[in-house]
Every structure is written in C-alpha cells, then in structure tokens.
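Here the structure is laid out as structure tokens; the discussion comes afterwards.
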Amino acid sequence: MNKTLAKTLTAALAAAVLIPLLCSCSLFRKNKLLQAATLFTDSLRFGDSTEILRKTDGLGRDFKKSFREMLDVSTYTDEEQLYAAHVMSTIVAGIDGSSVKLEKDKASVDISYTIADVAVLEGGNFDDAQALADAVDKCATKEITITTEFALVEKEWYVTNLDDKGYTELFSFLGHMPAIGRNALINTANQIALSVTTDDIALAVNNSASVSSPDMVNIPEYMAVLFDVNGEPSEEDTVFRDAVLDTMEYEVDESTLTIDGLKGSIVMHITMADYEVLAGKEFKKIMDIPDAVKACDTKTLSYTCELVRNGSSWYAVNLESEEFAAFLSYKKFSINLKSVDGTYEATVDITDKFVAYVAKEFNVSMPSDLEGKIYITATLELQKGDYKVTIDRDAFVSNIKTFVETNIDKIITNTLGTTSSVSLNAMAKLAGYKDYADMRQQILDQVTGSLETVDTSGLESSGKFTLNDDVITLKSGADIMTGNIDNYGVITVTAPVNDADAKKLLGSDTISLPFKKV
C-alpha cells in the first residue's frame, strides 16, 4: 500500500474515533453545567441562604453577610414572613440551554425568572397580612433574565455573579412589604380629627392607646383635662367655644401617610377662626361673641399623628403632643364681658437687685454662680370699682432666707478669697468667732433676724379704680397709680415704693407689677 495513502487513512480513522469522543466530552460538560444551574435555581426558590451560597464561588465576605441577613426570616415579623413565602412561591426559573457558553473553566447560561410583580401592590389597601398574601397569589408576574456566570472549581460548577443587579432585582421584594391597613389608619386619623371638630372626647380616647410611651401619660385622664370635661366655663366662654367649633374644618392629608410594619403616621390639618385676635376685647353682651368669632380670619394648625397597629386596628400614640393640644387651646381662652373684675397676681424676679444691694450695703464680693431666685408676689383684687393690692410678705421673706442659706458658703468664701477650711477657720478666729462654722451660723442668724423687720406694706394699697379703654387708674387717697391692659388681659401697674429700706433693696422708687388674672 502506498505510504501516503496509509497515513491518510490512519488520520481519518483517528478523527472518526476522536471527534465523537470530544463531542461527548463537551456535551458532558454542558450537562454538568445545566445540572448545576438547575440545582442553583432550586435553592433560590426555597430561599435558603446557606444552600444558595454553597453553590457560589468568588463572592466577597461583606456580600455574603448581607445576603444571609436579607434571607434571615428570623429578623422578619410573622406578617413579613407570610408575605415573603407567598412571593417566593411564585418564582419559576427557565434555563435556556441554547445560550450556554463554555470555556475551559468558565461558563455562562441565560436563566429567566418569573416572579409576582408586587410593585403593583404598593399603595393598595390590605386589611391584614393574609389579604396581602392573597393579593400576591393573584398578582401578575414579571420576567427577569440574568446571564448567570459559573466557574469550574475541582470539577464542579459554581455561580460567580450572585451579586448581579438582576438577582438584586429578583430579591428586591424582601424588606419592602406593601403597607397593611392604609384605609384603617386613615379612618383612625379621621376619627381623631373629628373628635376635635365635634368636641367629642370619646372619639379621641377610643382611637388612641390608653397610655402614651415613653412618658406613660394616662391618655383618658390627659384628654379629660385637654377637653376640659370637668371644667366649669362661664356662659360667655361656652358661647365662645361653640362659635369656634362652628368654624372648624379638618383635612387628613393622605399624601403624607407612611406605614412601616406596625407603625405609621399621617398629617392632619384643622382650619378654624384665628380667635386670638379677640384677646383683651370686651363684649357688652354675650350674643356679640359668635359674630365676632365668625368675623375673624382663619388659621390652619397641623399635627403629625403617630399610630401603632394592633391586628387590623390603628391607635394614636402621641395625643399628648403640643401640636394636638394646640387644636384645643381655645378652651383655655377667656372671653371678657365689659368688666375686669377678678383676682390678679404678679410675680417679679428681684434676684439681681438683691445681689447688688447686699454687695453694696455689706461690702461683700458676691459670686456670679449663685443658685436660686428671689421673687416678690403681689395680688390685685378688682371688684365693682374697688381695688386692693397686697404683698405675700411671708413668702418673700422665706424666699430670701432660702436663697441666703443656699449661697452663704459661696458668698463668704468669695469675699474672703479662699475655700481652704484651715484658712477659713483662721480668719474666723481672727474676726472673733470660734471657727468658720460659728461665723457662718452667726451671719445667718443676723440675716434671719434682720429679715424679721422687713416691711412690705409700703407696696400695698387699696381704694377705687376706673377704666378708660386700655388704661386702668388706681386711686388710694392722694396717691394715684395707672396701669395698662394689654391684648391678653395683663394689667401692668407701676407702683411707688414708699419704704426706705425697700427703696434701697430695689434700687428704685417704683416697681413694675405685671398682674395676670388668676
């Protein structure tokens, strides 16, 4: 046989044998890859992070940690677990065998996942978790196609791109459960707002948690005060309150609604007459009040209602907030008929004057960090043209004693320029005292004794009063005092200081007393 022909036949025979073997090897590798892809998609549908990650390679530690946390159902509420289970049950994987690309130790294949398109459920209303789960089961699906990459490690194929954005999208439903109880929350907010505009305390209490955390405010008791259930408003105050209620309208702003599991919030607005412009205004007769309220401009107050869900019901938890109390502040507003009769009280802080007086009178160095305050409290009684101003002398004297006792050590050590007990005792002995304690006590006794002679009668008076618009004139014998009545009914009187010692103490011949109605 020709040698050339023999070589050709040998090569042909070798090819005939090797090509099927090579094809068989390639097919085997492809089948192994498809098997690995199938096992991977099966593990995905069951949501077991350990099993899923066991079929991957080359992923960073941080990604693995966050992936485990994302699939850790123990961190989810029962409702979230139910929701997640129903979404996971809708996942169906389709592996496109024709898309396989094989290299020596790398490969890829297109996998298409269909999953419930839960994005369409956002903003829906679900009374409970089961209603949401049922909606998931009926939901249309969407398809996510991911070119999944593999690496051959010790003759086994492992997924290397679980961190692909496609898988991020596939699991995006985790931690983003649609809100439960939207309508129920809105209904509770409406009831809370309605309680204000109808003056119905029961609505407020029934739609709120009985105790507010963290301050543990007893809501029924707090609401009783806020709604003034046990108060005794005058006839004119009752007419005023009814007139304000007639102007009230509310809006629950659904665009502000937020729900995060068992917590939620929503903003409500209440528009009402801006009745505060009536402060200080006097009415000749009660029936003038409603027209005056209606003639007021309006104002809108807002309040963010925070709520918690229990089952399918929502309850407000922050009715003790200042914003909610502002809705009902009209109940504390006083309407004045043509009269200023009543009892008023003025409290004046004279701490700085007293400190300056002591420093000058006794030549001592007063420290700057003294504790406490000294007040003078005066009472003004107006009744049918008669007035009487009195001073609570006992409270004033007691206030000074407390102030001095609290600060005596600071005053002495500041004056002597030392805080050393040895130095203080030595200085006390040089001054003729047994020791510092003896000196301290004797100084206190001196101050206490001198206070017993304090006379506040020079600030007191009685007589007749007259009104002229917002000016009140107090006349006692030959003495005349005038005062102004501001828009909030505060009567500020400048009173003469007739006692010589009081003039020294106050550093003035007069004292301004802002009297507020008790």
Side-chain angles (χ1 to χ4, degrees), residues 181-213 215-259 263-279 289-310 313-335:
R182 284 178 57 86
N183 284 0
L185 185 150
I186 293 169
N187 181 64
T188 296
N190 275 298
Q191 294 298 300
I192 294 293
L194 193 61
S195 74
V196 175
T197 59
T198 60
D199 196 27
D200 189 341
I201 185 177
L203 280 179
V205 172
N206 292 340
N207 287 278
S208 66
S210 60
V211 172
S212 174
S213 180
D215 299 325
M216 301 303 286
V217 175
N218 185 299
I219 292 299
E221 292 179 3
Y222 179 79
M223 288 295 103
V225 174
L226 206 58
F227 279 80
D228 196 25
V229 172
N230 301 315
E232 296 181 357
S234 63
E235 184 180 356
E236 59 268 25
D237 285 337
T238 300
V239 170
F240 165 76
R241 293 181 183 185
D242 290 342
V244 173
L245 276 174
D246 285 343
T247 70
M248 284 189 180
E249 294 180 355
Y250 77 83
E251 176 197 6
V252 173
D253 188 351
E254 296 182 18
S255 69
T256 65
L257 184 150
T258 62
I259 294 178
K263 295 182 179 181
S265 68
I266 195 166
V267 176
M268 62 181 67
H269 311 286
I270 292 184
T271 301
M272 67 180 77
D274 188 7
Y275 57 84
E276 290 181 332
V277 298
L278 302 178
I289 297 172
D291 288 339
V293 171
K294 290 178 184 178
C296 292
D297 291 335
T298 59
K299 64 179 179 181
T300 299
L301 303 177
S302 301
Y303 155 66
T304 300
C305 184
E306 297 174 4
L307 308 98
V308 294
R309 180 163 56 85
N310 184 358
S313 300
W314 288 91
Y315 299 95
V317 293
N318 67 330
L319 293 188
E320 80 285 6
S321 70
E322 292 181 5
E323 289 82 5
F324 184 78
F327 290 155
L328 295 158
S329 61
Y330 72 96
K331 288 180 175 285
K332 296 181 179 180
F333 191 84
S334 293
I335 285 293

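- A side-chain donor-acceptor contact under 3.5 Å links Asp237 to the backbone of Ile335.
- Nearest heavy-atom pair across Ser208 and Ile219 is OG-CG2, 3.3 Å.
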Between Phe333 and Val244, is a side-chain contact (heavy atoms from CB on, under 4.5 Å) present by the stated rule, with each step listed? CA-CA 11 Å; Phe333 191 84; Val244 173; over 6 Å; no

Is there a side-chain contact (heavy atoms from CB on, under 4.5 Å) between Thr197 and Ile270? Walk through the geometry before answering. CA-CA 8 Å; Thr197 59; Ile270 292 184; 4.3 Å; yes

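- Summarising the geometry, atom CE belonging to Met272 is positioned 6.5 Å from atom OG belonging to Ser329; distances are rounded to the nearest 0.5 Å.
- Taking CD1 of Ile289 as the reference point, atom CZ of Arg241 lies at 12.0 Å (rounded to 0.5 Å).
- Residues Ala273 and Thr247 come closest through the heavy atom pair N-OG1, 3.0 Å.
- The shortest non-hydrogen separation linking Pro233 to Asp228 is CD-OD2, 4.4 Å.
- Across every non-hydrogen atom of Met223 and Ala204, the tightest pair is SD-CB, 4.1 Å.
- One distance of note links CG of Asp274 with OH of Tyr330; it measures 15.5 Å at 0.5 Å rounding.
- Heavy atoms only, all atoms of each residue included: Leu301 and Ala326 are closest at CD1-O, 3.6 Å.
- The environment of Lys332 atom NZ is sparse: at most 12 non-hydrogen atoms of other residues, nucleotides or ligands sit within 6.0 angstrom.
- Exactly one residue among Thr256, Thr258, Thr304 makes a side-chain hydrogen bond (donor to acceptor under 3.5 Å, both in side chains) with Ser265. That residue is Thr258.
- Ionic pairing of Asp199 and Lys331 is present here: one or more N-O contacts between side-chain nitrogen and carboxylate oxygen are shorter than 4.0 angstrom.
- The closest donor-acceptor contact from the side chain of Thr188 to the backbone of Ala184 lies under 3.5 Å.
- Looking at Arg309 and Leu307, their side chains never come closer than 4.5 Å, going by heavy atoms from C-beta outward.
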Would Trp314 and Ile259 count as a side-chain contact (heavy atoms from CB on, under 4.5 Å) if you check the C-alpha gap in whole Å, the side-chain angles of each, and the deciding distance to 0.1 Å? CA-CA 11 Å; Trp314 288 91; Ile259 294 178; 3.9 Å; yes

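- Between Ser321 and the options Leu319, Asn318, Val317, a side chain to side chain contact (heavy atoms under 4.5 Å, CB included) holds for only Asn318.
- Here the CG atom belonging to Leu185 is positioned 14.0 Å from the NZ atom belonging to Lys263, to the nearest 0.5 angstrom.
- Here the shortest heavy-atom pairing between Ala243 and Pro290 reads CB-CA, 3.8 Å.
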CA sep, side-chain torsions, deciding dist, call: Met268, Glu251, side-chain contact (heavy atoms from CB on, under 4.5 Å): CA-CA 6 Å; Met268 62 181 67; Glu251 176 197 6; over 6 Å; no

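- Asn190 contributes a side-chain N or O that, together with a main-chain N or O of Ile186, makes up a donor-acceptor pair within less than 3.5 Å.
- The shortest distance between side-chain heavy atoms of Val196 and Phe324 falls below 4.5 Å.
- Of the N and O atoms on the side chains of Tyr250 and Ser195, not one donor lies less than 3.5 Å from an acceptor on the other residue.
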